[in-house]
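No hydrogens, no waters, no symmetry mates; every other heavy atom, side chains included, goes into these values.
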Amino acid sequence: GDYEVLRFSLDLSWRELRSIHVYELEREHDIRIIAFERKDGSASSIPTGESTLYHGDSVLACVHHNLIDSFTKFIQS
């Protein structure tokens with residue numbers, strides 16, 4: 001279809017704050033965060049909009065094909 005499900009480590013190294021709320025990512029990039037796991041493996045969850053994601057967390061997201069390029073700055077290479 002028109003969407004990709006991506007699993008990646010979240011890159012927030014370019015931000016002053018190394019965290020971001022799920023609603024910020026979803027609103028600003030028109031994506032859906034499906035699930036996440038903390039970098040240290042201490043927790044995994046299906047997030048709410050108020051959930052906080054941190055640099056290095058593993059994220060499962062649904063992204064429209066047309067928006068993948070604008071979202072790549074959040075994906076660790």
Side-chain angles (χ1 to χ4, degrees):
D2 296 332
Y3 294 87
E4 288 284 333
V5 174
L6 305 175
R7 182 175 181 184
F8 57 91
S9 292
L10 188 61
D11 184 359
L12 298 175
S13 62
W14 52 272
R15 286 176 51 106
E16 186 175 329
L17 294 175
R18 298 288 176 106
S19 64
I20 193 167
H21 284 104
V22 167
Y23 74 83
E24 292 177 77
L25 282 175
E26 292 182 340
R27 179 188 65 214
E28 294 175 15
H29 298 282
D30 199 26
I31 66 165
R32 175 67 61 198
I33 303 298
I34 301 166
F36 71 91
E37 182 178 6
R38 294 285 179 232
K39 180 180 180 177
D40 64 3
S42 64
S44 60
S45 180
I46 296 172
T48 67
E50 293 298 319
S51 297
T52 302
L53 299 173
Y54 298 95
H55 177 77
D57 285 352
S58 180
V59 176
L60 188 64
C62 183
V63 183
H64 192 277
H65 286 285
N66 295 340
L67 303 174
I68 291 174
D69 288 341
S70 67
F71 189 72
T72 57
K73 70 180 180 180
F74 290 99
I75 299 173
Q76 286 185 16
S77 34

- Hydrophobic cluster membership, Leu60 vs Leu67, 4.5 Å side-chain cutoff: no
- Sub-4.5 Å side-chain heavy-atom contact between Arg18 and Ser13: yes
- Distance col, row Arg32:CZ vs Cys62:SG, nearest 0.5 angstrom, shows 9.0 Å
- Query: Are any of the side-chain heavy atoms of Leu6 and Ile31 separated by less than 4.5 Å?
  - Reply: no
- Query: When rounded to the nearest 0.5 angstrom, what distance separates CD in Glu37 from OG in Ser42?
  - Reply: 8.5 Å
- How about Trp14 and Glu16: do any of their side-chain heavy atoms sit closer than 4.5 Å? no
- Value rounded to 0.5 Å, distance of CD in Glu28 from NE2 in His21: 12.5 Å
- Query: So which heavy atom on Ile46 is nearest to which on Ile34, and how close?
  - Reply: CG2-O, 3.6 Å
- Query: Between Val22 and Leu17, is there a shared hydrophobic cluster once you connect ILVMFWY residues whose side-chain heavy atoms come closer than 4.5 Å?
  - Reply: no
- Any link between Tyr54 and Phe71 through a network of hydrophobic side chains (Ile, Leu, Val, Met, Phe, Trp, Tyr) touching at under 4.5 Å? no
- Task: Tell me whether Ile33 is reachable from Tyr3 by hopping between hydrophobic residues (I, L, V, M, F, W, Y) whose side-chain heavy atoms are closer than 4.5 Å.
- Result: no
- How far does OG of Ser51 sit from CG of Leu25, to the nearest 0.5 angstrom? 11.5 Å
- Query: In Å, rounded to the nearest 0.5 Å, how long is the span from NE2 of His29 to CD1 of Ile68?
  - Reply: 13.5 Å
- Close side-chain approach of Val59 to Arg7, heavy-atom, < 4.5 Å: no
- Where do Pro47 and Ala35 come nearest, in terms of heavy atoms and distance? CD-CA, 3.8 Å
- Task: State, to 0.1 Å, how close Asp11 and Gln76 come at their nearest heavy-atom pair, and which atoms those are.
- Result: CB-CG, 3.4 Å
- Determine yes or no for a side-chain-to-main-chain donor-acceptor pair under 3.5 angstrom, with His64 supplying the side chain and Asn66 the backbone. yes
- Ion pair present between Asp57 and Lys39, side-chain N to carboxylate O less than 4.0 angstrom? no
- Query: Between atom OG of Ser58 and atom CZ of Phe36, what is the distance when rounded to the nearest 0.5 Å?
  - Reply: 10.5 Å
- Query: Quick one: does Phe74's side chain get under 4.5 Å of Leu12's, heavy atoms only?
  - Reply: yes
